[in-house]
Amino acid sequence: MGDNSGITVRSAGRLFELPSGATAADLARAGGKSWARAVAASVEGAPRDLAHVLSDGDEVEPVPAGSEEGRHVLRHSTAHVLAQAVLDLWPGSHFAIGPPIEDGFYYDFELPGGERFVEEDLVRIEARMREIVAEGQPFVREEHDVASGTALFEGQPFKLEIIRAAAGGDGSGAGLDGEVAPAGVVSVYRNRDDFADLCRGPHVPSTAVLGHFKLLRVAGAYWRGDEKRPQLQRIYGTAWESKSALAEHLQRLAEAEARDHRRLGVELDLFHFPPEIGSGLPVFHPRGGMLRYLMEEFSRKAHLAAGYELVWTPHPSRATLFETSGHLEWYAEGMYPPMEMEGATYYLKPMNCPMHTLIYGSRSRSYRELPLRLFELGTVYRFERSGVLHGLARVRGLTQDDSHIFCSPDQLAEELARLLRFVLAMLRAFGLSDFQAELATRNPEKFVGEVSEWEFATDALRHALETAGLDYVVGEAEASFYAPKIDVHLRDAIGRRWQVSTLQVDLQLPQRFDLSYVGSDNAHHRPYMIHRALFGSVERFMALLIEHHAGALPTWLSPVQVRVLAVSSDQEAYAASVVDRLSTSGWRADTASADETLGARVRRAKMEKLPWILVVGGEDVAAGTVGVNARGSARPERGVSLEAFLATLETDGKPPVVAA
RNA sequence: GCCCGGGUAGCUCAGUGGUAGAGCAGCUCACUCGUAAUGAGCAGGUCAGGGGUUCGAAUCCCCUCUCGGGCUCCA
């Protein structure tokens, strides 16, 4: 080791000798290339400022600006700059919290006199932020005790609440994403004499490091996410390590907008939401109807092949059904209001399960029938608050590809494993592959039933996840009060997360409906019931498919698969015969008359994102061939025999096979 | 439901107190064309709906509906 006034630290496997009192920034200067773009340091695995004083023997690694952790720091620091800008521009504002989030950050404020931000304010705020960046203000960490921290944030009620929560040790400060350090230390980052913010850190050394950011939108947000508490004004922004990374992100946002299923739904003439019908209630046009039909037929066939039986149940029901099921007790606010008819009260069903239990219970069941797998594309109605409706992804009338499986306790684990394999195989058939699951476990504060039963069901779900080899996280205490479940999430082509399938082991309905089966011991036993929606809903899944494929649906799902275009009117009869031949072979083909130029018709077909365009001219009539213009290919292919094209369709256009 | 912002022709949008506009789409006619827009013409609007201010309202004010971005909730 060095002389007795020095320290030795390790970074990337190398040893560095530094004077005592040296900081991570000193190491960064000595540390070479890997430290060049460091915005913070990881010291003994803990995130620290570059100004952090190192100790002898520390293991220290750079946190580069472009890493996830580095971006986190950049975004958090940019959020502080946003707060300073707003406090400068609106003296007397209260600032609440400003954490980094995926791809950006936000900050919540309360403006004096209940004033609200408007979009135009973002320009002013951003300009002030750029001044702060240009000033190169330092981020200086200070540590206070609770008393002096409280004094520091006099007049800032939200900050004081955070300090109190942390000091009170009730753990309620823990969810506030690093605003305070633990153990009664109030850590603060100061930029100016008159601006400091409560924060655990770390931060970049200076605002000069920042600059590649953009404010995106304003929104309302409840303090601590609680709608009974004050609504604050939230500003969202994004921040990146470089101009190009910012530009790429903005490009991705534009791409996402171009893929928006609500926009493509209009452009491709798939569906719309007539105000005459009501919010969240879509109608499907012929093309969208065909897409639905293709999805649903595929689903029905796959379910039949996997040992399910199709059932059908009506949409309204007497209230007594939902009293028995418990829905009126715990789900009433999610249901359409009641209808009175001939002295009875009816409700539209919000779920299919009660009706499926009636089918199970319609006669005595033998263990030999189990597992009994009932499947329905069941349309349900839910009262969704107006603010949450979102195209097809969130509607008030939806069709679940719903199944309820009744099985004996000893079948449960195997049935769940089999079910999960089936779910994943189905999703893969639609071209989706990037899955993550969440296992939601019992909430000890809020559950009904026996703990041992919960454990049995949860273990069975875990077994299914493990045999499927699926990545999963455990959502401790995230289950609803009556059942543990697996939620399957996936990422689409541009990385957005969608929640799709849900598998739930129900401990309550079989009991509420007093379901039983006769076992080999000639005694009555209670079956388990598994709820499962695979697509989630047909509507939402359609939205996902449209966005995932950017409207260019795979051939097997394309409402129109082939457009046949005659070069001039002289070949229209031949074009019609090609359409006939394709239709006879089971393909969806149409044509467009030669009133428009060929270029215009090709353009139209391209904008409809059709997978195949066939152009037929005089040469093709003579030779019995077609010109093939495939979606996504650089140039068309001339003189292809119709047989060869049919063979191409056989490989490109057949629905996938579900191997489960 | 709450906060912010929208709603003008089928679509995308211009129009800030004084005679409702453009492009695309639609229709008609001409053109018959070899791979992403042929030309001309025509038609199309209770400016979301209701109320108010004003000599006069798409424009200003109020209410309602509806859409978008968020919060909360959720398939």
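Numbered from 1 within each chain, the chains take letters A, B, ... in sequence-line order. FYI, side chains are in, hydrogens and waters are out, and symmetry mates aren't considered; it's all heavy atoms of this structure.
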Asks: Mind calculating the distance between CZ (R263(A)) and P (rG10(B)) to the nearest angstrom?
Replies: 19 Å
Asks: Which donor-acceptor pairs under 3.5 Å do side chains of residues 386-401 of chain A form with protein atoms, sequence neighbours excluded?
Replies:
from, atom 1, to, atom 2, distance (Å)
H390(A), ND1, R262(A), NH1, 3.4
R394(A), NE, E384(A), OE1, 3.4
R394(A), NH2, E384(A), OE1, 2.7
R396(A), NE, E384(A), O, 2.9
R396(A), NH2, E384(A), O, 2.7
T399(A), OG1, R292(A), NH2, 3.0
T399(A), OG1, T379(A), OG1, 3.0
T399(A), OG1, E539(A), OE2, 3.4
D401(A), OD1, L534(A), N, 3.1
D401(A), OD1, F535(A), N, 3.0
D401(A), OD2, F535(A), N, 2.8

Asks: Please list, chain by chain and in numerical order, all residues satisfying salt bridge (charged side-chain N to carboxylate O under 4.0 Å, His left out) with D620(A), sequence neighbours excluded.
Replies: none
Asks: Applying the Watson-Crick and G-U wobble criteria at under 3.5 Å, what pairs with rG5(B)? Answer none if nothing qualifies.
Replies: rC67(B)
Asks: Can you tell me how far P in rA48(B) sits from the matching atom in rC11(B), rounded to whole Å?
Replies: 13 Å
Asks: Quick one: what's the B/S/- string for nucleotides 34-42 of chain B, heavy-atom cutoff under 4.0 Å, read 5' to 3'?
Replies: BBBBB----
Asks: Expressed in angstrom and rounded to an integer, what is the separation of N352(A) atom CG from rA75(B) atom P?
Replies: 14 Å
Asks: What integer distance in Å separates E608(A):CD from rA25(B):C1'?
Replies: 12 Å
Asks: Hey, what's the ring geometry for Y107(A) with F95(A), parallel, tilted or perpendicular (30° and 60° as the breaks)?
Replies: parallel
Asks: Of all the choices, rA75(B), rC11(B), rC33(B), which nucleotide is nearest to the side chain of V266(A) once you look at every atom?
Replies: rC11(B)
Asks: Between E476(A) and R442(A), is there a salt bridge with N-O shorter than 4.0 Å?
Replies: no
Asks: Rounded to whole angstrom, note down the P distance from rG50(B) over to rA57(B).
Replies: 14 Å
Asks: Provide the distance between the two P atoms, one in rU64(B) and one in rG1(B), to the nearest whole Å.
Replies: 10 Å
Asks: Would the number of heavy atoms belonging to other residues, nucleotides or ligands and lying under 6.0 Å from CD of E257(A) be above 12?
Replies: no
Asks: Starting at the 5' end of nucleotides 62-73 of chain B, put B wherever the base has a protein heavy atom under 4.0 Å, S where only the sugar-phosphate does, and a dash everywhere else.
Replies: ----SSSBBBBB
Asks: Applying salt bridge (charged side-chain N to carboxylate O under 4.0 Å, His left out) as the test, list every pair that has at least one member in residues 95-109 of chain A; sequence neighbours left out.
Replies: E102(A)-R497(A), D108(A)-R234(A)
Asks: Nearest whole angstrom, please: distance from the C1' of rG5(B) to the CD of Q233(A).
Replies: 12 Å
Asks: If a pair satisfies salt bridge (charged side-chain N to carboxylate O under 4.0 Å, His left out) and one of its residues is in residues 266-277 of chain A, list it, with sequence neighbours excluded.
Replies: R263(A)-E267(A)
Asks: Mind checking V380(A) for me? I need base, sugar-phosphate or nothing, with any heavy atom below 4.0 Å counting as a touch.
Replies: nothing
Asks: Looking at E608(A) and R287(A), is there a salt bridge between them, counting it only when a charged N and a carboxylate O are closer than 4.0 Å?
Replies: yes
Asks: To the nearest Å, give me how far apart CG (D487(A)) and C1' (rA75(B)) are.
Replies: 9 Å
Asks: Taking atom P in both rA20(B) and rC2(B), what distance in whole Å separates the two?
Replies: 37 Å
Asks: List the residues meeting ring pair (Phe, Tyr, Trp, His ring centres under 6.0 Å) with H489(A), not counting sequence neighbours, and say none if there are none.
Replies: none
Asks: Quick one: D401(A) CG to rA75(B) C1', roughly how many Å, whole number?
Replies: 10 Å
Asks: What pairs with R382(A) under salt bridge (charged side-chain N to carboxylate O under 4.0 Å, His left out), at least two apart in sequence or on another chain?
Replies: none
Asks: Return the nucleotide paired to rC11(B): Watson-Crick means purine N1 to pyrimidine N3 with N6-O4 or O6-N4, wobble means G-U with N1-O2 and O6-N3, both under 3.5 Å.
Replies: rG23(B)
Asks: Which value, in whole Å, describes the distance between the C1' atoms of nucleotides rG45(B) and rU8(B)?
Replies: 8 Å
Asks: Would you kindly compare F535(A) and R601(A) by the position of their nearest RNA chain B nucleotide and give the one closer to the 5′ end?
Replies: R601(A)
Asks: Quote, to the nearest angstrom, the P distance that separates rU16(B) from rG6(B).
Replies: 14 Å
Asks: Please state the C1' separation for the pair rC13(B) and rG7(B) - nearest whole angstrom.
Replies: 13 Å
Asks: Please report, rounded to the nearest Å, how far the P atom of rC74(B) is from the CG atom of L544(A).
Replies: 20 Å
Asks: In this structure, how many angstroms lie between the P atom of rC74(B) and the CE atom of M351(A), rounded?
Replies: 10 Å
Asks: Please enumerate all residues that pass side-chain hydrogen bond (donor to acceptor under 3.5 Å, both in side chains) together with E438(A), with sequence neighbours excluded.
Replies: none
Asks: For the C1' atoms, the ones on rC60(B) and on rG56(B), what distance do you get once it is rounded to whole angstrom?
Replies: 13 Å
